[in-house]
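Only one structure is covered here, and it is reproduced in the block below.
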Amino acid sequence: MNFQISIYNMNLSEQEQIRRQALDELRKIGINPYPAAEYKTNVFAKDILNKFDAEKNNFPDVCLAGRIMSRRIMGNASFAELMDSSGRIQIYLRRDDICPGDDKTMYNTVFKHLLDIGDIIGIKGFVFRTQMGETTVHVKEYTLLSKSIRPLPIVKEKDGILFDAVTDPEMRYRQRYVDLIVNPHVRDIFRKRTQIIQSMRELFNSKGYLEVETPILQAIPGGATARPFITHHNALDIPLYLRIADELYLKRLIVGGFEGVYEFAKDFRNEGMDRTHNPEFTVMEIYIAYKDYNWMMSFTEEIVKKAALELHGKTEIVYEDKIINLNPPFKRISMLDSIKENTGIEISGLDEAELIKVCDKLGIEHDPTMGKGKLVDAIFSEKCEHSLVQPTFIIDYPTETSPLTKMHRSKPGLTERFELFINCKEIANAYSELNDPIDQMERFQDQLKLSEKGDDEAMFIDNDFVRALEYGMPPTSGMGIGIDRLTMLLTNQSSIQDVLLFPQMKPEKKITSDPEEKYTEKGIPVEWIEPLKKLGFTTVAKLKEVEKHTKLHQDLCGYNKKNKLGLQNPSQENVKTWLD
RNA sequence: CGGCCCGUAGCUCAGCUGGUAGAGCACAUGACUCUUAAUCAUGGGGUCGAGGGUUCGAUCCCCUCCGGGCCGACCA
C-alpha cells in the first residue's frame with residue numbers, strides 16, 4: 001500500500017493521492033471519470049426550489065447536473081447537496097433505488113467510496129419533500145461526469161451563517177474558480193456586473209447609438225493623462241502603447257458621420273495598484289453629436305438610475321454604512337463653488353502664485369511642476385471630494401486640466417466639463433467636446449509645455465486627431481463611466497479586486513524543481529531523489545551549496561528512518577560524490 | 001515608498017516569559033434506510049512561509065528575505 005502511494009507522487013497530499021486512486025478504481029470498474037457525451041438536463045436547481053408543489057407532484061421526472069458539495073451518508077441511504085449554475089439542491093440516494101439488482105457496486109463502492117465532494121455528476125429522478133420539509137431530488141440513476149482530484153475547501157452553512165468560509169484574498173483572487181464555487185455570493189456580483197453593462201447597452205441601442213471597437217494598440221496613447229504600458233511591434237519595428245482611453249478614436253468616428261458611438265473599453269494604465277486601481281480596467285465611453293454637457297448630465301442620470309433599478313428594483317442603494325439615493329435630478333455645482341462651500345475661499349480669478357498661497361494656508365502639498373489646473377484640482381480633491389456622498393455633478397473645470405474640452409460658453413478660463421461623484425468617488429467624466437481644431441492644437445501645445453515642466457502625465461500631440469477635427473466635427477458631448485467603480489458602488493464592494501474576475505496579482509512564486517535525469521546524471525539513485533527534494537534540494541545546483549557532506553548524510557538517514565522508507569542508507573563517501 | 005498586523009494540517013483557526021505541535025471541518029476504516037454544520041467510534045495527515053543568528057534546545061526571541069492584509073504617500 002505504501003508502495004502504491006509512493007509511485008504516484010510524494011508531493012501530493014494524502015487526500016489527493018486517495019482521489020487519484022479512486023480514479024483508477026473507477027476505470028477498473030469500467031466507469032470513465034471524464035466521459036465525452038453530452039448530458040441533457042431538463043431543469044435547474046433553482047427552478048425546482050421555486051416551483052415545486054408536493055401536492056401537484058409537478059417534478060416527477062427531472063434530470064440535472066452539478067457539483068457534489070456535501071454528503072451525509074447513513075448506511076443504505078444518503079443525502080448530498082448538488083450545486084449547479086443556479087444554486088444548490090439536496091439529493092437523496094437509496095442503495096436499492098440506485099442498484100435494483102444484486103450488484104450494489106454503484107452505491108456501496110462508487111457512491112460511498114469513489115465519489116467525493118467536488119465531483120460533477122448528473123442525476124435522474126423525481127422531486128419530493130423530506131420529513132424535515134426540504135425539497136429534495138430522489139435519485140434513481142446517476143452518472144459521473146467529471147472527477148475532481150483536488151479537494152475543495154469545505155464551507156458549511158447553517159441559517160445563513162457560513163462556517164470556515166474562504167476569505168483569504170490571496171486564494172480568492174488567484175484561484176477565482178474556487179472562490180466562485182465555495183462563495184455563492186461572488187457569482188452573484190459578477191452576474192450583476194454583466195447586468196449593469198447590459199442595462200447600458202440596451203439603453204444606447206434603443207437610441208440608435210452604435211457600439212464600436214477601436215484600437216487597443218495605439219501609436220499615440222491619447223485621450224487621457226496617464227502613464228501608458230509600452231510594447232513593440234516587430235514587423236513595423238515601432239513602439240506601440242496599450243490605450244489609456246479610446247476618446248480620440250470615438251471622436252474620429254463622430255467626424256466620420258455617426259450620430260452616436262460607444263465602446264466598453266479595456267484601458268491600461270501603468271500606475272499603482274490598490275483597492276481602487278487595477279492596471280487594466282473597463283470604461284464605457286460614449287459620444288453623441290449635437291449634444292452638450294448639460295444634455296449629457298441628464299443622460300447620465302438616466303443611465304445610473306436605470307442600472308440601479310434593474311439591479312435593485314429601487315434607486316436607494318446601501319453602500320457600506322451609507323444610504324445613497326440615485327433618483328435624479330442629482331445636485332449640480334461648479335468646482336469653484338464647491339471649493340468655496342467647503343473652504344470658504346473664493347479662488348476664481350486667482351493666479352498661480354495666489355493659488356500656491358491658498359494651498360499653503362489649507363495645508364495642501366504642492367510642487368513646482370503643478371500648474372494652475374493641478375493646484376485647483378488638489379484643493380478640490382483634498383477639501384471637497386469627501387463631502388460628495390450623494391450623487392453630485394461637479395461642473396466647469398479649469399482649462400488646463402481639460403485639454404479636450406470646449407471652453408465654457410460664458411465663464412472665461414473654464415471648460416464645459418462635469419464629473420459625477422457618488423460616494424466621494426468619481427464615477428463619470430464628460431465634456432462638451434472641443435471641436436475647434438486650432439484651439440485643440442494650442443491645447444496640445446500647452447500640454448507639451450507642462451510636459452517640459454516635468455509633468456510626465458501630460459498628453460501627447462495627436463496630429464491625425466487634429467486633422468480629423470479640421471474636416472469638421474459636429475458639436476458633440478462625450479462621457480465616460482468607470483464600469484468597475486460603478487459596479488463596486490452598485491454591488492456594495494469596497495475593493496476593485498472584488499468586481500474583477502481576475503484582478504492583476506504578483507506572479508506566483510515558482511518552486512523550481514529539476515527532473516530526475518539531473519539527479520541520476522550525478523550518480524544519485526532514483527529512490528533518494530524524493531528525500532533530497534523533501535529536504536529542500538529541489539535542484540542539483542542547491543547540492544553544490546552543501547558544506548558538510550556528513551550533515552547531508554545524517555539528514556538523509558534520518559529522513560529514511562522517520563518516514564519508514566526502508567531504504568538502504570548510502571555511505572558517507574557516496575553522498576560526498578553527489579555533491580561534486 | 002513609510003507605519004502597523006499576519007503567514008501553523010486540504011480549509012478555518014488555537015498554541016500560556018522558549019522544551020521539535022493541537023481543535024473543528026475535510027480525509028480513511030467501521031456503524032446507521034428521511035439527514036441537513038447529520039451523528040457515533042477509531043485512525044492517518046505538519047521541512048509551524050524561507051534563510052541566518054542567540055540558546056543545551058526556537059512555531060515562540062533577534063536579523064534578513066519572500067508572500068499577504070490594513071492605513072498612509074504617490075497616483076485617476
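Naming convention: chains lettered A, B, ... in sequence-line order (proteins, then strands); numbering from 1 in each chain. Just so it is clear, the structure is predicted and the values come from calculations on it, not from any experiment.
Summarising the base pairing, C13(B) is matched to G22(B) through a Watson-Crick or G-U wobble pair whose two defining distances lie under 3.5 Å. Remark: C27(B) base-pairs with G43(B). Criterion, Watson-Crick or G-U wobble with two distances under 3.5 Å. Look at A58(B): it lacks any Watson-Crick or wobble partner with both distances under 3.5 angstrom. Remark: A50(B) base-pairs with U64(B); criterion is Watson-Crick or G-U wobble with both hydrogen-bond distances under 3.5 Å. Across every strand in view, U35(B) sits unpaired, with no contact that passes the Watson-Crick or G-U test at under 3.5 angstrom. Pairing for C70(B) goes to G3(B), judged as Watson-Crick or G-U wobble with the two contacts each under 3.5 Å.
Counting to the nearest Å, the C1' atom of C11(B) and the CG atom of Asp179(A) are 14 Å from each other. Following rounding to the nearest Å, Leu93(A) (CG) and U33(B) (P) show an atom-to-atom distance of 15 Å. Summarising the geometry, the separation between CG on Asn183(A) and P on C11(B) is reported as 14 Å, rounded to the nearest angstrom. The distance between atom CE of Met273(A) and atom P of C70(B), rounded to the nearest whole Å, is 12 Å. Counting to the nearest Å, the P atom of C11(B) and the CG atom of Leu162(A) are 17 Å from each other. Rounding to whole angstrom units, CG of residue Asn76(A) and C1' of A38(B) are separated by 17 Å. What separates CG of Asp168(A) from C1' of G67(B) is a distance of 10 Å, to the nearest Å. In this structure, CZ of Phe229(A) is placed 13 Å from C1' of C75(B), rounded to the nearest angstrom.
Between Tyr431(A) and Tyr293(A), the distance from one ring center to the other does not fall under 6.0 angstrom. The aromatic ring centroids of Phe421(A) and Phe380(A) lie less than 6.0 Å from each other.
Taking the P atoms as reference points, C62(B) lies 24 Å from C1(B), given to the whole Å. Only the P atoms considered, C40(B) is 16 Å distant from U35(B), to the nearest whole Å. Using atom C1' as the reference point in both A37(B) and U33(B), the two lie 22 Å apart (nearest Å). Nucleotides G10(B) and C6(B) have their P atoms positioned 22 Å apart, rounded to a whole Å. Distance noted for atom C1' between C48(B) and A23(B): 16 Å (whole Å). Rounded to the nearest Å, the gap between the P atom of C71(B) and that of C25(B) is 35 Å. For the P atoms, the distance linking C65(B) with C4(B) amounts to 15 Å, nearest Å. Rounded to whole Å, the separation between the C1' atoms of G22(B) and U8(B) comes to 10 Å.
Taking only side-chain nitrogens and oxygens, Arg174(A) comes nearer than 4.0 Å to OP1 or OP2 of G68(B). An OP1 or OP2 oxygen of U35(B) is reached within less than 4.0 angstrom by no side-chain nitrogen or oxygen of His138(A). Contact annotation: Arg72(A) side-chain N/O to C32(B) OP1/OP2 distance is not under 4.0 Å.
Rounding to the nearest 0.5 Å places CG of Asn423(A) at 6.0 Å from CG of Leu489(A). Considering OG1 of Thr276(A) and CD of Gln497(A), their distance stands at 9.0 Å, rounded to 0.5 Å. For the atom pair CD1 (Ile364(A)) and SG (Cys359(A)), the distance works out to 5.0 Å, reported to the nearest 0.5 Å.
If you check C74(B), U36(B), C32(B) against the side chain of Asp274(A), the one that comes closest is C74(B). In the set C34(B), U35(B), G30(B), the nucleotide with an atom closest to the side chain of Gln131(A) is C34(B). Among U36(B), G10(B), C34(B), the nucleotide with an atom closest to any side-chain atom of Ser13(A) is G10(B). Closest to the side chain of Glu271(A), out of U35(B), G30(B), C75(B), is C75(B).
No hydrogens or angles considered: a donor-acceptor pair under 3.5 Å links the side chains of Arg72(A) and Gln90(A). For the 3.5 Å distance criterion, the side chains of Glu247(A) and Tyr249(A) fail to qualify, holding no donor opposite an acceptor. No side-chain donor-acceptor contact under 3.5 Å links Thr487(A) and Arg193(A). Side-chain contact annotation: Arg443(A) with Thr405(A), donor-acceptor N/O pair under 3.5 Å absent.
Each of Met505(A) and Pro153(A) was assigned the nucleotide of RNA chain B with the nearest heavy atom; the assignment lying further toward the 5' end belongs to Pro153(A). If you find the closest nucleotide of RNA chain B to Tyr92(A) and to Glu419(A), the one lying nearer the 5' end belongs to Tyr92(A).
Arg150(A) CZ: 12 or fewer foreign heavy atoms inside a 6.0 Å radius.
At a threshold of 4.0 angstrom between heavy atoms, the contacts of His277(A) include nucleobase atoms, whether or not backbone atoms are also involved. Note on Gln497(A): nothing from the nucleic acid sits closer than 4.0 angstrom, heavy atoms only. Among the protein residues, Arg95(A) comes within range of no part of the nucleic acid, since none of its heavy atoms lies under 4.0 Å from any strand.
Taking only distance into account, the side chain of Gln90(A) meets the base of U35(B) through a donor-acceptor pair shorter than 3.5 Å.
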If the sugar-phosphate is the primed atoms plus P, OP1 and OP2 and the base is the rest, what is the B/S/- string for nucleotides 20-27 of chain B, using protein heavy atoms under 4.0 Å? ----BSBS
